[in-house]
Every structure is written in structure tokens, then in C-alpha cells.
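Structure record follows, encoded as C-alpha cells.
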There are 2 protein chains.
Amino acid sequence: MAGIKDVARLAGVSQATASRALSGKGSVSSKAREAVTAAASELGFVMSYHASSLASGRSHNIGVVLPFVNRWYFATLLEGANSALMDAGYDLTLYDFQGDRYRESVLGDFLLRKRLDGVLAVSLQLNSHETEQILAAGIPVVGVGGPLPGIPTLRIDDVEVGRRATNHLLSLGHTRVAHVGGEHEYGRNFQISSGRRAGYEEAMAAAGLPVREAWSLISDYSANDAYRETKQLLADPAERPTAIFCASDEMAFGAILAARDLGLRIPDELSVIGVDGHEMGEILGLTTIDQIPRNQGMRAVERLLALVQEDGKAAGPADELMQTRLVVRSSTSAPRTLDSKTAS
Amino acid sequence: MAGIKDVARLAGVSQATASRALSGKGSVSSKAREAVTAAASELGFVMSYHASSLASGRSHNIGVVLPFVNRWYFATLLEGANSALMDAGYDLTLYDFQGDRYRESVLGDFLLRKRLDGVLAVSLQLNSHETEQILAAGIPVVGVGGPLPGIPTLRIDDVEVGRRATNHLLSLGHTRVAHVGGEHEYGRNFQISSGRRAGYEEAMAAAGLPVREAWSLISDYSANDAYRETKQLLADPAERPTAIFCASDEMAFGAILAARDLGLRIPDELSVIGVDGHEMGEILGLTTIDQIPRNQGMRAVERLLALVQEDGKAAGPADELMQTRLVVRSSTSAPRTLDSKTAS
DNA sequence: CTGAAAGCGCTAACAG
DNA sequence: CTGTTAGCGCTTTCAG
């Protein structure tokens with residue numbers, strides 16, 4: 001295990017010069033630099049990041065905090081963050097809440113261990129105490145999607161997404177449109193869910209259409225749960241909507257499968273639109289609003305590293321809206337129900 | 001930012017005693033211990049892990065290396081590993097190859113930075129140089145699934161899995177059984193794919209059934225790709241198998257959807273069985289061999305931490321076979337094709 | 001541009 | 001059981 005000392009000796013320079021040559025900080029004659037790099041590679045030198053971190057205060061390590069690694073959106077966003085971090089030479093420390101299971105220990109212990117240069121907080125909702133605590137640790141934080149007061153956040157316009165998805169359905173001639181989203185008030189995806197739902201309600205209202213309570217479903221964002229909810233909804237022909245807007249693609253998968261199991265033809269008897277951009281949507285023909293999570297992860301890291309490296313100089317615009325795009329496939333069309341009953 | 005020095009002073013003991021009291025290593029009078037913990041919490045003391053790591057050589061940080069965070073199996077295994085690590089108070093540093101994109105830099109740079117107490121290598125195939133390099137760094141490694149010569153590895157018996165899945169189909173009366181797996185020789189999932197395929201071929205041979213080349217498909221483990229492959233396979237009624245064994249659930253999803261799109265009834269006209277235990281299999285009625293990836297992740301961490309903590313004392317049994325279980329749902333049944341053509 | 005020297009904050013012998 | 005004394009391996013003033 002050669003240390004920088006050995007490198008310096010071999011190169012015939014001081015430890016300080018070796019350090020400067022290796023890190024690129026401070027000026028070193030090209031001659032010295034070459035000698036040092038040569039010596040380093042000859043010895044197979046790898047720096048001790050522990051020592052470096054201790055001395056410099058920078059750990060080249062970013063923490064990514066999210067509620068579920070296991071869900072497509074988060075895993076894909078994580079992949080994007082990983083790319084950006086690898087390219088920048090940073091390590092990625094993963095903190096997976098697994099729902100709420102590790103919420104407290106992550107927030108109360110792990111994040112405070114000051115081994116992180118920055119934190120990416122995905123879909124997190126922090127109370128003021130938690131925000132305070134983490135900011136007090138002096139760690140730059142960038143959020144994605146969650147409502148984090150006092151923290152720069154990337155987000156999509158969820159209300160707009162809800163409106164856009166609903167309007168797509170409406171523009172095809174649907175009037176009986178249901179929505180499957182997340183919990184109203186207290187859920188982890190609070191703002192996201194309520195934003196998309198608000199967009200849905202807004203669009204319906206703007207079209208002069210009623211939002212029936214029975215058509216506003218609540219699910220946990222999983223395909224399985226959405227399947228159950230939707231099947232229940234669709235089972236009664238009299239009450240059946242002709243279109244469903246799901247707040248995530250995974251839920252839309254559930255809805256499509258439920259409809260198929262009930263013998264409903266898609267899109268003729270039921271149109272479905274989702275949100276996310278899950279690849280598997282291709283083989284299900286799912287129309288969706290792609291939010292390109294990979295980009296969100298990369299962009300968030302970019303913002304975070306800027307914060308980390310500029311050491312809090314230019315805070316930049318606090319929030320940033322990410323773009324989405326409507327991807328139309330075969331799960332949506334004009335309603336073509338044989339049974340032409342109208343809404344009650 | 002109170003340091004251990006401040007804690008020691010406040011508690012009226014030496015820094016060493018404070019350290020011992022806080023870490024639990026070495027004996028401290030209960031009186032001193034109380035004084036120290038009281039002082040620590042009064043000051044809101046959080047240890048610097050950089051300093052601790054540098055001084056002790058332990059970083060309480062485990063690296064998890066995998067080919068794709070984005071695939072269900074890996075994400076779920078990762079979740080299991082995360083649980084075990086959080087419970088043990090360890091950080092998890094994620095290295096996602098994203099296929100092969102970051103393979104070199106992870107193996108050549110990141111892993112050697114000696115900030116890890118251990119590495120969990122999931123579905124990795126290392127050449128001898130890479131193995132050497134990483135072992136030379138003196139880091140304990142535990143593998144899952146990949147063939148890692150000289151490294152303790154957890155795995156399922158992939159040949160047995162292939163045999164079992166195929167035999168399930170055979171026992172239902174199928175004789176025309178196809179297989180969708182991964183690449184034969186050079187793929188990342190080499191051993192896994194070839195093991196499952198070998199089990200399939202073995203079972204077929206044992207039943208005296210031919211394995212047609214056209215029925216042995218190669219996919220990249222994604223639902224979308226398997227969809228395409230399977231659709232192609234099923235499009236020709238004359239060549240059509242009555243059952244398909246897919247080497248992963250995601251590929252089985254693709255197969256089921258392809259079959260449905262061709263108007264084939266499942267399981268009457270086509271039985272499908274997968275491997276993994278993906279939750280979404282529930283709503284597709286997918287019969288599968290559940291390999292409980294979450295457990296694999298937890299168990300692998302357990303093994304790894306044992307290695308890390310016992311400091312290489314007892315190496316333990318080199319390899320360990322993990323259990324799987326057959327979960328029968330509605331995607332498999334006896335063949336009930338109307339068209340009773342026999343294989344050519 | 002370079003070297004010497006002083007830590008970064010904690011742990012680990014080693015005596016007591 | 002406890003305090004003293006050295007470092008862990010690098011970065012960083014501060015002179016030169």
C-alpha cells in the first residue's frame with residue numbers, strides 16, 4: 001500500500017508537491033508533475049480517501065435519499081443520478097427509506113455523520129425540524145419532487161401534468177373520466193398526488209364535467225393495488241367510466257390488466273393514460289406523460305455538485321421545472337362503447 | 001461542531017475514555033460512560049466518520065456492485081441488502097454498472113479507493129486480473145449469483161431451477177416447450193442463463209423430448225425484448241410451442257403480453273412460467289419460481305459483515321445455495337389447444 | 001513554484 | 001479502568 005509519501009520520495013519532491021500534482025490544485029512545474037504521476041503509476045498508488053477527506057473536508061461522496069429503490073421511477077432516477085456522479089468521480093451513498101421503515105434512522109443518524117458532501121432528496125417531505133437538522137449539518141441539499149421549504153428543488157408541474165393527461169382524454173371525446181392517484185393528505189407523495197389530482201379536477205371542471213367521488217380512486221402507486229382498485233371500479237357497467245387517468249405508469253399497468261380481465265377492450269371500451277415513461281408501457285401500448293426520470297436524476301446531481309463545488313456562492317434559482325412529454329400510444333382513443341348509456 | 005475532545009472535557013474524562021465509552025470497545029466504568037453519553041447528547045455530538053475511519057481503518061461502509069439498479073431482481077436484492085446494512089449501522093455505497101458503461105471505472109478506480117469495509121458483488125463476472133486487483137486491495141468480497149472464483153458466493157442452483165420449471169410444464173402434459181433465456185456464452189448473466197438453459201435441456205432430454213433450436217430463444221432479460229422474441233415465435237401456428245419457460249419474470253410478462261396480443265388464451269393455448277418472484281406476477285397470474293431476492297440481499301450482507309468483522313478468521317463455507325419456491329398461479333395448466341397438430 | 005510543519009478528529013497501544 | 005502519547009495519510013497554510 002504505497003502512500004503519497006512514497007510517491008513523493010520516488011519522484012524526488014516533497015509530499016506537498018506530490019499532493020498538489022496529484023490533485024491539480026495549486027501550481028506545479030510540469031517537470032515535477034510528470035515525475036509525480038510517473039512515480040504514482042509505477043507504485044500503483046491509490047489515494048486514501050479517508051485521509052484526504054479528513055484533511056480537506058471534502059469526501060467526494062453524495063447521499064441519495066429516496067422512499068423506495070424498488071419502484072421504477074425511483075430506480076430510474078437513481079440511475080440518472082448515478083451516471084452523473086460516476087462521471088464526476090463521486091461516490092453515491094444510497095439511503096432507501098423503504099417506505100418509512102428507515103426514515104428516522106436515515107434522517108436522525110446516517111445523514112448527520114458528515115461523510116457526505118451533499119444530499120439528493122427524492123420525493124421527500126421533511127418537517128421543519130428535520131430540515132433544520134440537516135441544514136445545520138452544513139450539507140448542501142437538492143430536492144426532487146418533494147416539497148422542501150428552503151431547499152432548491154427540481155420538480156415537474158404536477159398540476160399541469162394532471163390537466164394535460166385529463167385534457168388528452170377529454171379532447172378524444174371522453175366525458176366519463178376516472179382518476180387513480182395517491183393519498184390525499186398525509187401520504188409520502190403528498191404534493192405529487194394532490195397536484196395531479198388537482199389538475200384532473202381542474203380539467204374536468206373546465207370542461208363542465210362532474211368529478212364523481214367514486215371515480216377518484218386512491219392507491220399506493222403499485223400496479224397490484226391499482227389493479228384491485230380499478231377492477232372494483234370497472235366491475236359495475238352502470239358506473240363505469242370510459243377513461244382512466246393514472247398518476248403513474250405502474251398503476252396504469254394495473255388498470256389495463258384489470259380491464260382486460262373484465263373483458264373490456266382497450267381503447268375502445270376504456271382508455272388509459274399514465275405518468276412516468278416506463279419502458280414496459282411500449283408493449284402494453286400505454287399512452288403516458290413521460291417525465292424522463294433519468295434526466296431528473298442527472299440534472300439534480302448537476303445542480304447539487306454546483307452547490308457543493310461553489311461552496312454555496314451562487315445559490316442559483318431556487319426551483320426548477322422539468323419538462324415532460326406526452327407519448328401517445330394505443331391505450332387511448334375516442335370512446336367507442338357499444339353500450340351508449342350516459343352518465344347519471 | 002462539537003468534537004470528541006469537547007465531550008471528554010465536559011464529561012471530565014480523557015479523550016480516550018470518551019472514545020471507549022462512545023464506541024463500546026474496551027471497558028469503561030458505568031459512571032464514566034454515563035457522564036460521556038450525557039455530555040455527548042448535551043453537545044449534540046456526532047462523530048466524524050472520516051476521522052474515525054482513518055484512525056481505525058474501518059469505515060462502516062459497504063459497496064454494492066450490480067449491473068442494473070433498474071431491473072426488478074437487482075433493485076429488490078438491493079433493498080434486502082440495504083435493510084441488513086441499515087440495521088447494522090453501515091452505509092451502502094452503490095456502484096451501478098449500467099450494463100457495462102461503468103464497469104471499468106468501478107472496478108479500476110472506485111472500488112480501490114479503500115473507503116469500503118467490504119464489497120457485495122451481484123451477478124458479476126470478473127476475470128482473474130480483476131479478481132486479483134480487488135482482493136489485493138484487501139477488501140472482503142461476497143458474491144451473489146456470479147461465478148467468482150476464489151470468492152465466497154451465494155447462489156441458487158440455476159440448473160435445478162431450469163429443470164424444475166421445465167418439469168412443472170412437462171408434468172402438466174406439455175411436450176412442446178420453448179425457453180427464453182439470456183445469451184449463451186459471453187453475456188453478463190452467463191452462468192445464470194446457461195445454467196437455467198441447461199436445466200431446461202436436461203429436463204427435456206430426460207423426458208425424451210427434442211429441444212428445437214427455434215424454441216431456444218435469447219433475450220436481454222427485459223420484458224420488451226422478450227415480448228418481441230416471443231411474438232415472433234408464437235406467430236406461426238405450425239411451429240408454436242404450448243408452453244414457455246422464461247428465465248425471468250420480466251421476460252415472462254413480455255411473453256404473456258405477446259401471446260395475448262396474438263389472441264392466444266393463457267393457459268389454455270399457452271402456459272408460461274417465469275423465475276424471480278416479481279410482485280406484478282400476481283395480477284398477471286404468473287406461475288414462477290420465486291428466488292426471494294430480498295432474502296438473498298440480506299443473507300449476503302450477513303455473510304459479508306461476518307467476514308468484515310471477524311477480520312477473515314473463519315472464512316465459512318465458500319459457497320451457499322439459496323432456496324427457491326415454486327409459486328403456481330393461473331398461467332400454467334395442461335395444454336388445451338383446439339388445434340391438435342403435433343410437433344413436426 | 002516548492003518545502004517544512006502543523007494539523008484534520010479520532011483510535012490504539014502502552015503504561016499506570 | 002483510565003490517561004498519555006503517537007500516529008492514521010493526506011492537505012494546507014506559511015515561508016522561502
Atom CZ of B/Arg58 and atom P of C/dG9 are separated, to the nearest Å, by 23 Å
Check: Does C/dC8 have OP1 or OP2 sitting under 4.0 Å from an N or O in the side chain of A/Ser56?
Finding: no
- prompt: Quick one: is C/dT11 close enough that its OP1 or OP2 comes under 4.0 Å of any side-chain N or O from B/Ser52?
  reply: yes
note: A/Lys5, atom NZ; D/dC10, atom P; distance rounded to Å ~ 9 Å
When A/Gly26 and B/Ser48 are each assigned the nearest nucleotide of DNA chain C, the 5'-most assignment goes to A/Gly26
_Please classify the nucleic acid contact of A/Ser27 as base, sugar-phosphate, or nothing, using heavy-atom distances under 4.0 Å._
base
Out of D/dT13, D/dC10, D/dT4, minimum distance to the side chain of A/Ala51 belongs to D/dC10
B/Arg113 CZ to D/dG9 P, in whole Å, measures 18 Å
In whole angstroms, the gap separating C1' of C/dC8 from CE of B/Met47 amounts to 15 Å
Side-chain contact check for B/Ala16: nearest option of C/dT11, D/dT4, D/dT11 is D/dT4
Here the distance between atom P of D/dG9 and atom CG of A/Leu43, to the nearest Å, is 15 Å
N or O in side chain of B/Ser14 less than 4.0 angstrom from D/dG3 OP1/OP2 = yes
message = Less than 6.0 angstrom from the centroid, inside 45 degrees of the normal: does B/Arg113 satisfy that with respect to the ring of B/Phe110?
response = yes
message = Side chains of B/Asn82 and A/Tyr102, heavy atoms from C-beta outward: is any pair under 4.5 Å?
response = yes
Atom CG of A/Leu54 and atom P of D/dT11 are separated, to the nearest Å, by 11 Å
Would you call the rings of B/Phe74 and B/Phe68 parallel, tilted or perpendicular if under 30° counts as parallel and over 60° as perpendicular? tilted
Among C/dG9, D/dT2, C/dA13, the one nearest any side-chain atom of B/Ala55 is C/dG9
Exam field: side chain B/Asp100 to backbone B/Arg103, donor-acceptor pair closer than 3.5 Å: no
Report task. Ignoring backbone atoms, establish whether A/Ser19 has a side-chain N or O less than 4.0 Å from OP1 or OP2 of D/dT11. Result -> yes
Whole-Å distance, A/His60 NE2 to D/dG9 P, equals 19 Å
Here the distance between atom P of C/dT11 and atom CD1 of B/Ile4, to the nearest Å, is 5 Å
Of A/Ser53 and B/Val13, the one whose closest nucleotide on DNA chain D sits nearer the 5' end is B/Val13
Could you tell me whether B/Arg299 and B/Glu320 make a salt bridge, using a distance below 4.0 angstrom between a side-chain N and a carboxylate O? yes
